[in-house]
Amino acid sequence: MEKVIIFGAQSLLGKECFSVFSQSKLYEVIPLSHYNYDLLNAEELKKAFSDHNPDIVINCAEFADIDAAEKKENEDLVYTLNCDAPEMMAHLCTKSGTKFIHFSTDHVFDGKEETYNEQSPVHPINVYGESKVEGELAIWEENPYAIIIRTGTLFGESSDNFVTQAISLAKKHRKIFAVDDEMSNFTSAKDVAESVFQMIEDDPEQYGVFHLFGKDFTSPAIIATKIIHILSSRSALTLVHADEAYQQAKRAKKRHLEASRGQVLPGILETFPSIVSPI
Ligand SMILES: NC(=O)c1ccc[n+]([C@@H]2O[C@H](COP(=O)([O-])OP(=O)(O)OC[C@H]3O[C@@H](n4cnc5c(N)ncnc54)[C@H](OP(=O)(O)O)[C@@H]3O)[C@@H](O)[C@H]2O)c1
């Protein structure tokens with residue numbers, strides 16, 4: 001049985017990848033968090049490889065706080081997690097003939113184009129996005145056979161995210177604040193994990209950048225409106241502009257993904273019935 005290690009296994013996507021790969025019973029799956037191996041320490045990262053000798057590595061770990069990434073004092077942390085650690089993983093995977101799957105983001109784009117596919121030039125406008133681009137480039141230097149998946153705004157039941165927070169507030173009829181001028185592809189983390197699993201099953205040899213994202217390109221405010229409607233909630237919705245909501249990092253207002261070789265996944269309304277149980 002092939003062995004898969006998942007870095008960042010406590011993340012939303014990490015939990016879904018763990019569940020999909022382990023439920024298949026085709027792989028031995030080892031979930032790793034910073035408690036097991038601190039990715040800020042290259043020696044610990046190397047030890048994760050020598051301890052487990054994986055056939056496949058899935059990297060869901062990252063420095064994820066887009067606003068905190070702008071602070072000078074976090075610079076080392078951001079680049080170590082989003083660039084140096086994936087670079088080292090890619091290097092170790094090349095050395096051992098291990099398949100490497102890494103996740104990236106729609107924040108590598110500036111939002112000036114209508115849509116972005118896998119061939120679109122990257123142009124990040126915040127430090128987080130820059131660090132993810134640097135990570136992608138460093139991976140290609142070390143491992144041309146890696147898979148890099150770029151996805152949109154993730155939601156899912158296994159961790160806190162905008163959708164679960166809005167559902168929880170709507171169920172309690174509490175006020176919901178939602179940004180109305182930032183649009184992205186809302187994407188089910190479970191669907192991404194299932195799609196990655198299928199990619200590996202269909203063709204373990206494929207490599208390159210793939211966009212995997214939910215088909216609904218929308219704003220948090222629209223999502224919140226739908227949640228309030230579906231739940232017949234009395235929650236009041238307060239619309240907020242992105243510039244007021246986020247204090248530090250600039251965000252591209254429209255990060256509309258397109259797939260030339262990746263996959264468009266189901267929209268949020270198709271996924272809702274399973275995550276929004278009635279009040
Ligand atoms: N969330 C989104 O909306 C979104 C959108 C587009 C792309 N993505 C991509 O999807 C991937 C996963 O995102 P996510 O939101 O699911 O992740 P997340 O919930 O933000 O979690 C990040 C993970 O990184 C791990 N980590 C942080 N510092 C670490 C360290 N020093 N050593 C080891 N692990 C460390 C954490 O592990 P511990 O819990 O063990 O500390 C945490 O589980 C990322 O590559 C991201 O770019 C996410």
Please walk me through it: do Ser195 and Gln263 pass side-chain hydrogen bond (donor to acceptor under 3.5 Å, both in side chains)? CA-CA 8 Å; Ser195 183; Gln263 201 186 343; 2.6 Å; yes
Got Leu265 and Thr151 here, is their nearest side-chain heavy-atom distance under 4.5 Å? no
Within the structure provided, determine whether Leu257 and Phe109 are in side-chain contact (heavy-atom separation under 4.5 Å). yes
Sub-6.0 Å ring centroid separation between Phe155 and Phe162: no
Lys/Arg-Asp/Glu bridge criterion (N-O < 4.0 Å) met for Lys47, Glu44: no
Is any side-chain N of the basic residue among Lys132 and Asp106 closer than 4.0 Å to the acidic one's carboxylate O? no
Working for side-chain hydrogen bond (donor to acceptor under 3.5 Å, both in side chains), residues Ser260 and Gln119: CA-CA 8 Å; Ser260 64; Gln119 286 78 44; 2.9 Å; yes
Going by heavy atoms in the side chains, are Val127 and Tyr79 under 4.5 Å from each other? yes
Full working for ring-ring contact (aromatic ring centres under 6.0 Å, His included) between Phe197 and Phe21: CA-CA 7 Å; Phe197 173 80; Phe21 277 77; 5.2 Å; yes
How about His107 and Arg251: do any of their side-chain heavy atoms sit closer than 4.5 Å? yes
Apply the side chain to side chain contact (heavy atoms under 4.5 Å, CB included) test between Phe100 and each candidate in Ile56, Ile58, Ile139, Ile148; give the one that qualifies. Ile139
Is Arg255 salt-bridged to Glu182, cutoff N-O under 4.0 Å? yes
Output yes when a side-chain donor or acceptor of Lys99 lies under 3.5 Å from a complementary backbone atom of Tyr145, and no otherwise. yes
